[in-house]
Visitor: 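One structure, as structure tokens, below. Some questions next.
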Amino acid sequence: MAAVEITNATQIVVPARTRVWLAPVGTPAPSDATVEMPAGWYSVGLTTEDSLKFNEEPSFEQVKSAQTDFPSRTFQTSDSATVEVDLQQWSGRNFQAVYGGGAITTVTPAGGSGSGPKHYRFAPPRVGGRTEVAACVEVIDGGKSYRYVMPRTMQMEGVSKDLQKAKESVLPLRLAVQGGDNSDAWYLLTNDPAFQPPAPTIASVSPSTGPAAGGTPVTITGTELGSVSAVTFGGTEGTDLEVVNSAQLTVISPAGTAGAKDVVVTAAGGTATKAGGFTYS
């Protein structure tokens with residue numbers, strides 16, 4: 001029997017438009033993939049058409065054993081992510097971005113007056129003076145939008161500029177994502193329906209009976225239960241919810257009235273109902 005391929009061309013992403021936004025660390029991030037960028041964020045402007053890259057590079061170590069030619073165990077030791085893009089627009093803020101900070105001051109031209117044209121002096125940060133910035137990379141493909149949000153990044157490389165007559169001189173932005181044990185180092189926001197999590201299912205509720213006073217420890221098995229945030233018994237939410245894995249969770253039944261009640265789990269992918277799944281005695 002010939003293999004049948006399942007294809008969906010709508011899930012191919014062509015980055016027709018891209019933008020890079022920067023902001024001081026701590027600036028409120030966008031709440032979704034299409035909302036107007038909050039105050040404090042600014043666009044770096046035009047970038048070269050083929051330079052934007054987002055890289056995620058975990059590091060691993062392997063345990064080797066004499067009894068096998070394959071690793072006995074592989075474990076992750078670190079994680080890292082970077083953003084690369086070449087900026088076409090020269091501005092004070094873009095210079096500060098690619099040099100990791102620095103100071104811009106106003107100077108009066110030699111022989112000029114305070115009312116004449118202004119000149120400006122940019123000085124890069126000294127050793128130890130680099131500052132972090134928040135970053136957001138935006139990708140748009142038709143009606144689909146994607147935003148890579150990075151709460152903390154830092155320019156990780158030196159700056160080399162080609163000053164040639166025949167081509168524009170770009171500013172190389174090379175950001176290293178700075179992580180944190182208590183927060184996400186980066187995350188993606190999108191309105192792409194292909195990211196919709198699968199709906200949960202309920203296979204069994206055990207035990208399926210308990211006293212009307214509540215307090216019965218109940219185990220629910222099924223599929224896609226890893227993101228379950230609530231379980232209700234006849235419309236009343238259970239307590240002490242604990243997700244064991246994607247196929248099992250435990251919860252304490254609330255107080256209810258006598259009779260069979262629907263058990264409903266709510267997860268990222270939707271809800272699932274076990275009709276008459278729990279009976280109060």
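Hydrogens, waters and symmetry mates are skipped; everything else that's a heavy atom, side chains included, is used. In this text, all values refer to a predicted model and were calculated from it rather than measured experimentally.
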Visitor: Measure the spacing between CG of Leu225 and CD1 of Ile202 and express it to the nearest 0.5 Å.
Guide: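 Interatomic distance, Leu225 CG to Ile202 CD1, rounded to 0.5 Å: 7.5 Å.
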
Visitor: Test of understanding: clusters of I, L, V, M, F, W, Y form through side-chain heavy atoms closer than 4.5 Å, transitively. Do Tyr120 and Leu87 belong to the same one?
Guide: yes

Visitor: Regarding Thr201 and Thr223, do their side chains bring together a donor and an acceptor under 3.5 Å, going by distance alone?
Guide: yes

Visitor: Using the rule that Ile, Leu, Val, Met, Phe, Trp and Tyr join whenever any side-chain heavy atoms are under 4.5 Å apart, tell me whether Leu189 and Val83 fall into a single cluster.
Guide: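 No, Leu189 and Val83 fall in different hydrophobic clusters.
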
Visitor: Please check if atom CZ in Phe60 has more than 12 non-hydrogen atoms from other residues, nucleotides or ligands closer than 6.0 Å.
Guide: yes

Visitor: Let me confirm one number: the CD1-CZ distance from Ile104 to Arg93, rounded to the nearest 0.5 Å.
Guide: 10.0 Å

Visitor: Answer yes when Asp86 and Arg174 have at least one side-chain N-carboxylate O distance shorter than 4.0 Å, and no when they do not.
Guide: yes

Visitor: For the residue pair Phe95 and Phe122, categorise the inter-ring angle as parallel (less than 30°), tilted (30 to 60°) or perpendicular (more than 60°).
Guide: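 Ring orientation, 0 to 90° scale: perpendicular.
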
Visitor: Looking at every heavy atom in both Gly276 and Ala260, which two are closest together, and how far apart are they?
Guide: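 Gly276 and Ala260 have their closest heavy atoms at CA-CB, 4.1 Å.
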
Visitor: Could you pull out the closest heavy-atom pair between Pro217 and Ile252, with the gap in Å?
Guide: CA-CD1, 3.6 Å

Visitor: Strictly distance-based, threshold 3.5 Å: is any side-chain N or O of Thr216 a donor or acceptor partner for the main-chain N or O of Val218?
Guide: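 Checking the backbone N and O of Val218 against the side chain of Thr216, no donor-acceptor pair under 3.5 Å is found.
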
Visitor: Working to the nearest 0.5 Å, report the span between OG1 of Thr190 and CD of Gln196.
Guide: 11.5 Å

Visitor: Around atom CD of Gln164, are there more than 12 heavy atoms from other residues, nucleotides or ligands closer than 6.0 Å?
Guide: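 Atom CD in Gln164 is crowded, with more than 12 foreign heavy atoms closer than 6.0 Å.
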
Visitor: Can you confirm whether Glu56 sits close enough to Tyr148 that some side-chain heavy atom of one is under 4.5 Å from a side-chain heavy atom of the other?
Guide: no

Visitor: Between Lys53 and Glu84, does a salt bridge (Lys or Arg N to Asp or Glu O under 4.0 Å) hold up when you go through it step by step?
Guide: CA-CA 5 Å; Lys53 296 179 177 66; Glu84 302 178 20; 5.2 Å; no

Visitor: Between atom CD of Gln88 and atom OG of Ser51, what is the distance when rounded to the nearest 0.5 Å?
Guide: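 OG of Ser51 is found 7.5 Å from CD of Gln88.
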
Visitor: Would you kindly confirm whether Tyr146 and Val35 end up in one hydrophobic cluster when ILVMFWY residues are joined by side chain heavy atoms under 4.5 Å apart?
Guide: no

Visitor: Where do Lys274 and Val265 land on the side-chain contact (heavy atoms from CB on, under 4.5 Å) test, with the steps shown first?
Guide: CA-CA 9 Å; Lys274 187 75 169 177; Val265 298; over 6 Å; no

Visitor: Would a distance-only check, ignoring hydrogens and angles, find a side-chain to backbone donor-acceptor pair under 3.5 Å from Asn55 to Ala81?
Guide: no

Visitor: Please report the closest heavy-atom contact between Gly40 and Pro24, naming both atoms and the distance.
Guide: O-CD, 3.7 Å

Visitor: Return the OG to CZ distance between Ser183 and Arg152, rounded to the nearest 0.5 Å.
Guide: 7.5 Å

Visitor: Taking all non-hydrogen atoms of both residues, which atom of Ala185 and which atom of Pro151 are closest, and how far apart?
Guide: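 Shortest heavy-atom contact: O-CD, 3.3 Å.
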
Visitor: Would a distance-only check, ignoring hydrogens and angles, find a side-chain to backbone donor-acceptor pair under 3.5 Å from Ser59 to Ser78?
Guide: no

Visitor: Without swapping roles, check the side chain of Asn94 against the backbone of Val44 for a donor-acceptor pair under 3.5 Å.
Guide: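 Here the side-chain-to-backbone pair exists.
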
Visitor: Can you tell if the side chain of Pro172 reaches within under 4.5 Å of the side chain of Val159, non-hydrogen atoms only?
Guide: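 Result yes, sub-4.5 Å side-chain heavy-atom pair found.
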
Visitor: Could you check whether any side-chain heavy atom of Ser281 comes within less than 4.5 Å of a side-chain heavy atom of Thr209, counting everything from C-beta outward?
Guide: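 The answer is no, as the side chains (C-beta and beyond) never meet within the 4.5 Å cut-off.
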
Visitor: Between the main-chain N or O of Glu57 and the side-chain N or O of Ser80, is there a donor-acceptor pair closer than 3.5 Å?
Guide: yes

Visitor: I'd like to know if Leu171 and Leu52 are part of one continuous hydrophobic network [Ile/Leu/Val/Met/Phe/Trp/Tyr, side-chain heavy atoms within less than 4.5 Å].
Guide: yes

Visitor: Shortest non-hydrogen contact from Asp162 to Ser169?
Guide: O-OG, 3.0 Å

Visitor: Starting at OG of Ser72, measure out to NZ of Lys64 and round the result to the nearest 0.5 Å.
Guide: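 Atom-to-atom, Ser72:OG and Lys64:NZ are 9.5 Å apart.
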
Visitor: Below 4.5 Å, heavy atoms only, C-beta onward: do Cys136 and Met37 meet side chain to side chain?
Guide: yes

Visitor: Verify, without hydrogens or angle tests, whether Gln155 (side chain) and Val98 (backbone) share a donor-acceptor contact under 3.5 angstrom.
Guide: yes

Visitor: Do any N or O atoms from the side chain of Asn191 and from the backbone of Ala33 form a donor-acceptor pair under 3.5 angstrom?
Guide: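 Checking the backbone N and O of Ala33 against the side chain of Asn191, no donor-acceptor pair under 3.5 Å is found.
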
Visitor: Is it possible for you to say whether Tyr187 and Leu175 belong to one hydrophobic cluster, with membership spreading through side-chain heavy-atom contacts below 4.5 Å?
Guide: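 Unlinked, Tyr187 and Leu175 end up in two clusters.
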
Visitor: Have Thr221 and Ser204 got a donor and an acceptor in their side chains that come within less than 3.5 Å?
Guide: yes

Visitor: Check Thr236 against Ala255 and note the closest heavy-atom contact, atom names and distance.
Guide: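 Looks like CG2-O, 4.4 Å.
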
Visitor: Tell me whether Gln62 at atom CD has more than 12 heavy atoms from other residues, nucleotides or ligands lying less than 6.0 Å away.
Guide: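 More than 12 within 6.0 Å, yes.
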
Visitor: For Val85, does its backbone N or O pair with a side-chain atom of Thr47 as donor and acceptor, under 3.5 Å?
Guide: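 No, the answer is negative, given that no donor and acceptor are paired below the 3.5 Å cut-off.
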
Visitor: With side-chain contact (heavy atoms from CB on, under 4.5 Å) as the test, would you mind laying out the steps for Ile220 and Val263 before giving the verdict?
Guide: CA-CA 10 Å; Ile220 296 176; Val263 177; 3.9 Å; yes

Visitor: If the plane angle is over 60° it's perpendicular, under 30° parallel, otherwise tilted; pick one for Phe233 and Phe278.
Guide: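 Aromatic pair Phe233/Phe278 classed perpendicular.
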
Visitor: Does any N or O in the side chain of Asp192 come within less than 3.5 Å of the main-chain N or O of Phe195, such that one atom is a donor and the other an acceptor?
Guide: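 Side chain of Asp192 to backbone of Phe195: no pair is present.
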
Visitor: Checking the side chain of Gln96 only, and the main-chain atoms of Gly102 only, is there a donor and an acceptor separated by less than 3.5 Å?
Guide: yes

